[in-house]
Amino acid sequence: MAQIELKDVGLSYFTLKQETEALRDINLSIGQGEFISIVGPSGCGKSTLLSLISGMLKPTQGKILIDGHEVSGVSPKVGYMLQHDHLFEWRDVLSNLLVGAEIRKMDRGKAKRKAMDLLERYGLGDFAYHGPSQLSGGMRQRVALIRTLVAEPDILLLDEPFSALDYQTRLTLSEEVFQIMKDQGKTAVLVTHDLSEAISMADRVMVMSQRPSTISSVYDIRFDEGDDLSPWKKREAGRYKIYFNAIWKELEEHVVPSV
Amino acid sequence: MSSPLYDNYLKVQRRRLRLIALSRISLLVLFLMLWELAAKWKWIDSMLTSKPSLLLSSFRELAFEGSLLRHTWISGLETLVGIVISMLLGTAIAVLFWWSTFASNVLEPYIVVLNALPKVALGPIFYIWLGDRYSIYGMAVAISIIVTIIMVESGFREISRTKLKLMESFGATRFQMLRMVLLPASVPHFIATLKVNVGLTLVGVVMGEFLSSKAGLGYLIIYGGQVFQMNLVMVSIMMLALLSVILYGFVNVLERFARKKYNYEA
């Protein structure tokens with residue numbers, strides 16, 4: 001059974017001046033442990049889709065199911081990772097990691113052990129008691145990911161988590177995040193602008209159209225070289241270029257020419 | 001270890017700092033000397049302007065046998081209480097505005113009008129409603145609370161919405177957002193507000209004492225003016241300056257402590 005299911009989901013924003021239809025007729029089902037990327041022109045409502053899955057927004061049409069239950073409000077099964085790390089400067093790294101656990105009133109001792117364990121495993125063990133300002137951008141984003149993991153979600157929503165980083169950090173980190181996801185067996189939905197990131201990390205890439213957006217196509221990413229390639233290897237694999245060009249071309253058709 | 005060029009740089013910087021400190025002190029000394037000599041040589045009438053030596057002797061007199069220190073203490077205490085009340089009440093109201101957009105929208109024009117209204121005009125009302133003692137607190141709070149609300153609220157607004165979105169993604173309640181993000185993130189704003197409030201509350205206290213009280217530095221100043229005792233007026237003003245320096249220093253200590261605890265840059 002699919003873990004996440006969207007059935008005829010639509011969303012409209014209302015202001016006093018007008019009504020804006022952001023999403024229309026989204027149908028999608030995502031299996032346990034799957035990694036999905038969503039790409040699309042700017043302002044097409046990719047992030048909105050994540051907010052819907054997380055339960056922070058309610059769809060105006062259709063329904064969203066997680067493990068067969070309709071989403072109502074924020075679910076502890078879902079973890080959300082944002083573009084910026086938003087670490088709290090007034091807390092050290094460890095107590096930043098415990099923010100989610102604290103909000104959900106989870107067992108503090110257990111959460112702390114888990115946080116320390118993850119810090120250790122992902123190479124930040126020495127920084128537990130440092131302030132966030134003492135970390136580099138890549139380290140901060142890794143801490144943000146661990147903060148999400150400490151709250152023990154089954155599903156991770158990644159909203160352009162690498163876009164604020166420099167190119168080199170971005171490549172390394174996307175490699176690491178991919179490994180962490182596989183390692184922890186989490187389902188992941190990644191929103192990104194970066195096509196090569198989308199293709200190299202995901203099992204499926206979804207392309208969204210201009211507003212009112214809908215899913216215009218879905219690409220199954222399969223390589224002849226094998227199924228368990230790392231993002232780095234995928235970038236070098238034979239079919240990578242073919243996927244890239246096909247998606248690129250499709251995206252170009254969605255973008256209204258400005259000239 | 002360090003290069004001679006760097007040593008030289010440090011030396012120049014240190015000399016500059018010393019020069020600034022020295023100039024500050026000499027400016028004061030020069031001013032007092034000029035004042036003293038001008039009074040002595042009858043360039044000015046010391047009946048109207050008093051003079052430093054006279055101030056010193058009347059300070060000694062007032063401090064040791066009079067009640068100058070008691071009056072200073074009273075004014076200081078009133079200011080402290082006023083600051084605490086307006087910080088707590090102002091923050092509570094700012095939180096209410098954040099909590100309920102409806103309340104904030106409804107009350108906004110009233111806040112704007114109250115901010116522009118000269119609070120001194122409320123003096124007689126406070127006097128009649130609160131009596132001669134508590135009207136001073138009324139005045140002190142009236143002058144500083146509106147600014148507190150506005151500053152704390154704008155601090156809340158500066159906190160990035162995505163930090164709250166992060167909290168929301170973990171399913172945080174509004175109270176948790178307040179406790180875990182809004183209040184700790186606003187510490188720099190609280191300190192800035194406190195700095196402004198030290199000055200404003202002191203204005204309120206002196207104003208209140210002018211209008212009604214039987215004690216405090218504001219009372220001494222008015223009284224000194226009425227009996228044409230310029231020494232008393234000047235000494236009281238000096239004590240007022242001293243009081244504001246002490247309160248300001250207090251806030252600075254608090255700031256250093258908060259900066260260490262909450263780990264923020266100035």
Side-chain angles (χ1 to χ4, degrees), chain A residues 47-48 50-57 71-93 95-106 111 129-134 143-145 147-153 155-161 164, chain B residues 87 91 94-95 98-99 101-102 104-106 108 151-152 154-194 251 253-266:
Chain A
S47 300
T48 310
L50 289 193
S51 295
L52 283 171
I53 297 174
S54 76
M56 286 194 275
L57 273 179
V71 172
S72 60
V74 178
S75 156
K77 286 179 184 167
V78 177
Y80 205 112
M81 193 172 161
L82 300 154
Q83 186 173 353
H84 296 282
D85 50 72
H86 291 298
L87 299 180
F88 299 156
E89 305 83 47
W90 55 89
R91 287 167 170 244
D92 62 15
V93 167
S95 60
N96 259 298
L97 293 177
L98 298 178
V99 163
E102 194 178 325
I103 292 170
R104 290 183 179 164
K105 304 197 167 76
M106 293 159 71
Y129 300 103
H130 283 53
S133 56
Q134 289 166 285
V143 172
L145 176 64
R147 176 181 58 196
T148 316
L149 291 175
V150 169
E152 302 188 326
I155 300 162
L156 264 135
L157 307 175
L158 308 165
D159 192 355
E160 302 190 37
Chain B
M87 283 303 287
T91 306
V95 167
W98 169 76
W99 200 287
T101 321
F102 185 74
S104 150
N105 288 343
V106 170
E108 195 200 336
M151 281 183 75
V152 171
S154 83
F156 283 173
R157 243 184 249 137
E158 251 173 56
I159 295 165
S160 86
R161 289 184 56 92
T162 29
K163 265 203 171 70
L164 295 176
K165 190 177 176 186
L166 170 82
M167 293 293 287
E168 203 187 338
S169 80
F170 285 118
T173 60
R174 275 179 96 68
F175 184 70
Q176 283 174 323
M177 289 185 194
L178 180 69
R179 189 173 58 80
M180 292 172 69
V181 178
L182 257 72
L183 294 182
S186 295
V187 167
H189 281 98
F190 288 139
I191 299 288
T193 312
L194 212 50
V251 174
V253 170
L254 207 66
E255 180 179 26
R256 210 163 300 158
F257 170 76
R259 201 178 295 166
K260 209 174 272 169
K261 176 143 197 259
Y262 290 95
N263 201 7
Y264 71 89
E265 303 296 319

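So that the names make sense, note that chain A is the first sequence line, chain B the second, and so on, each numbered from 1. These numbers come from a predicted model, not from an experiment.
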task = Against chain A, label Val187(B) side chain, backbone, both or neither, depending on which of its atoms sit under 4.5 Å from a heavy atom there.
result =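 Val187(B) has no heavy atom closer than 4.5 Å to chain A.
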
Residue part contacting chain A, namely of Glu168(B), when any heavy atom lies under 4.5 Å =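 Its backbone and side chain both get close to chain A.
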
request  = Find out whether His84(A) and Thr162(B) are in side-chain contact, i.e. whether some heavy atom of one side chain is under 4.5 Å from a heavy atom of the other.
outcome  =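 No. Closest side-chain heavy atoms not under 4.5 Å.
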
inquiry  = A side-chain contact here means heavy atoms from C-beta on lying under 4.5 Å apart; do Lys77(A) and Pro153(A) qualify?
reply    =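 No; the side chains remain at least 4.5 Å from each other.
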
message = The criterion is side-chain contact (heavy atoms from CB on, under 4.5 Å); which residues satisfy it with Leu254(B), sequence neighbours excluded?
response =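 Result, side-chain contact (heavy atoms from CB on, under 4.5 Å) vs Leu254(B): Leu194(B).
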
message = Less than 6.0 angstrom from the centroid, inside 45 degrees of the normal: does Arg174(B) satisfy that with respect to the ring of Trp98(B)?
response =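 Pair Arg174(B)/Trp98(B) counts as cation-pi.
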
Answer with side chain, backbone, both or neither: which region of [X] has an atom nearer than 4.5 Å to a non-hydrogen atom of chain B?
| X | value |
| --- | --- |
| Ser75(A) | neither |
| Leu87(A) | backbone |
| Glu102(A) | both |

message = Donor-acceptor pair, distance only, cut-off 3.5 Å: does the side chain of Arg147(A) make one with the backbone of Asn96(A)?
response =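 Flag not set: sc Arg147(A) to bb Asn96(A) has no pair under 3.5 Å.
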
query = Can you tell which of Arg179(B), Met167(B), Met177(B) has the highest number of heavy-atom pairs within less than 4.5 Å of chain A?
reply =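 The residue among Arg179(B), Met167(B), Met177(B) with the greatest pair count is Met167(B).
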
message = If we define contacts as heavy-atom pairs under 4.5 Å, which of Val78(A), Asp92(A), Val99(A) has the most with chain B?
response =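 Option with the top pair count is Val99(A).
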
